[in-house]
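These numbers come from the heavy atoms of this one structure, side chains and all, not from hydrogens, waters or symmetry mates.
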Amino acid sequence: EVQLQASGGGLVQVGGSLRLSCAASGFTRDEYTIGWFRQAPGQEREGVACISSSDGSIYYQGPVKGRFTISGDNTQNAVYLQMSTLKPEDTAVYYCAAVFGVTNPKIGCRGDMDYWGKGTLVTVSS
């Protein structure tokens, strides 16, 4: 059974940093895209950053480019999202998700994922 467990959310001031972690387990296929999504109050869920298992290629949503960094640790079966220079508009519930058979991270980040973890709340205060 595939399980994704996100953690690391919290309250941070504008300009601060936070690192989210996603513990993944139960993966039985080697080709997949895994990434981070977020949903702000009153808004639709959107892809933030995704990484491909096949070649490590990465896709970032425009507003987070240069501020967020996604990385994976195959030995720990974990995916991380380092968030820096946080803004109030980054406030959202962040989710870790994976889709199998898709190795283009931009396509993966469109949101049609196979598995979702429970979210972790990130609040950026001004």
Testing the basics here: between Ala24 and Ile34, what is the closest heavy-atom pair and its distance to 0.1 Å? CB-CD1, 4.4 Å

Are Val14 and Leu18 co-members of a hydrophobic cluster defined by side-chain heavy atoms under 4.5 Å apart? yes

With a 4.5 Å heavy-atom cut-off, do Asn77 and Ser25 have their side chains touching? no

Could you state whether Val2 and Val79 fall into the same hydrophobic cluster, counting links through intermediate Ile, Leu, Val, Met, Phe, Trp or Tyr residues with side-chain heavy atoms under 4.5 angstrom apart? yes

Output the distance between atom CD (Glu31) and atom OG (Ser54), rounded to the nearest 0.5 Å. 6.5 Å

Do Ile58 and Leu81 share a hydrophobic cluster (ILVMFWY, side-chain heavy atoms under 4.5 Å, transitive)? yes

Looking at side-chain heavy atoms only, is the closest gap between Trp36 and Leu20 below 4.5 Å? yes

Going by side chain to side chain donor-acceptor pair (under 3.5 Å), name the residues that satisfy it together with Asp73, two or more places apart in sequence or in a different chain. Thr75

Any sub-3.5 Å donor-acceptor pair from Ser53's side-chain atoms to Asp30's backbone N or O? yes

Shared-cluster residues of Tyr80, by chain and number - hydrophobic side chains joined below 4.5 Å: none

Applied to residues 83-117, the disulfide (SG to SG under 2.5 Å) test, sequence neighbours excluded, yields Cys22-Cys96, Cys50-Cys109

Residues 112-126, side-chain donor-acceptor partners within the protein, below 3.5 Å, at least two apart:
{"from": "Asp114", "atom 1": "OD2", "to": "Phe100", "atom 2": "N", "distance (Å)": "2.8"}
{"from": "Thr120", "atom 1": "OG1", "to": "Gly9", "atom 2": "N", "distance (Å)": "3.0"}

Rounded distance [0.5 Å steps], CD in Gln39 versus CD in Glu44: 8.5 Å

Same cluster (ILVMFWY, side-chain, under 4.5 Å), Ile51 and Phe27: yes

Considering only distance and modelled atom types, tabulate donor-acceptor pairs under 3.5 Å from the side chains of residues 101-108, sequence neighbours left out.
{"from": "Asn104", "atom 1": "OD1", "to": "Lys106", "atom 2": "N", "distance (Å)": "2.9"}
{"from": "Asn104", "atom 1": "OD1", "to": "Ile107", "atom 2": "N", "distance (Å)": "3.3"}

Please tabulate, for side-chain N and O atoms in residues 59-70, each donor-acceptor pair with protein atoms closer than 3.5 Å (sequence neighbours left out).
{"from": "Tyr60", "atom 1": "OH", "to": "Ile70", "atom 2": "N", "distance (Å)": "3.0"}
{"from": "Gln61", "atom 1": "OE1", "to": "Arg38", "atom 2": "NH2", "distance (Å)": "3.4"}
{"from": "Gln61", "atom 1": "NE2", "to": "Glu46", "atom 2": "OE1", "distance (Å)": "2.8"}
{"from": "Gln61", "atom 1": "NE2", "to": "Glu46", "atom 2": "OE2", "distance (Å)": "3.3"}
{"from": "Arg67", "atom 1": "NE", "to": "Pro63", "atom 2": "O", "distance (Å)": "3.3"}
{"from": "Arg67", "atom 1": "NH1", "to": "Thr85", "atom 2": "O", "distance (Å)": "2.9"}
{"from": "Arg67", "atom 1": "NH1", "to": "Asp90", "atom 2": "OD2", "distance (Å)": "2.7"}
{"from": "Arg67", "atom 1": "NH2", "to": "Pro63", "atom 2": "O", "distance (Å)": "3.0"}
{"from": "Arg67", "atom 1": "NH2", "to": "Asp90", "atom 2": "OD1", "distance (Å)": "3.0"}
{"from": "Arg67", "atom 1": "NH2", "to": "Asp90", "atom 2": "OD2", "distance (Å)": "3.4"}

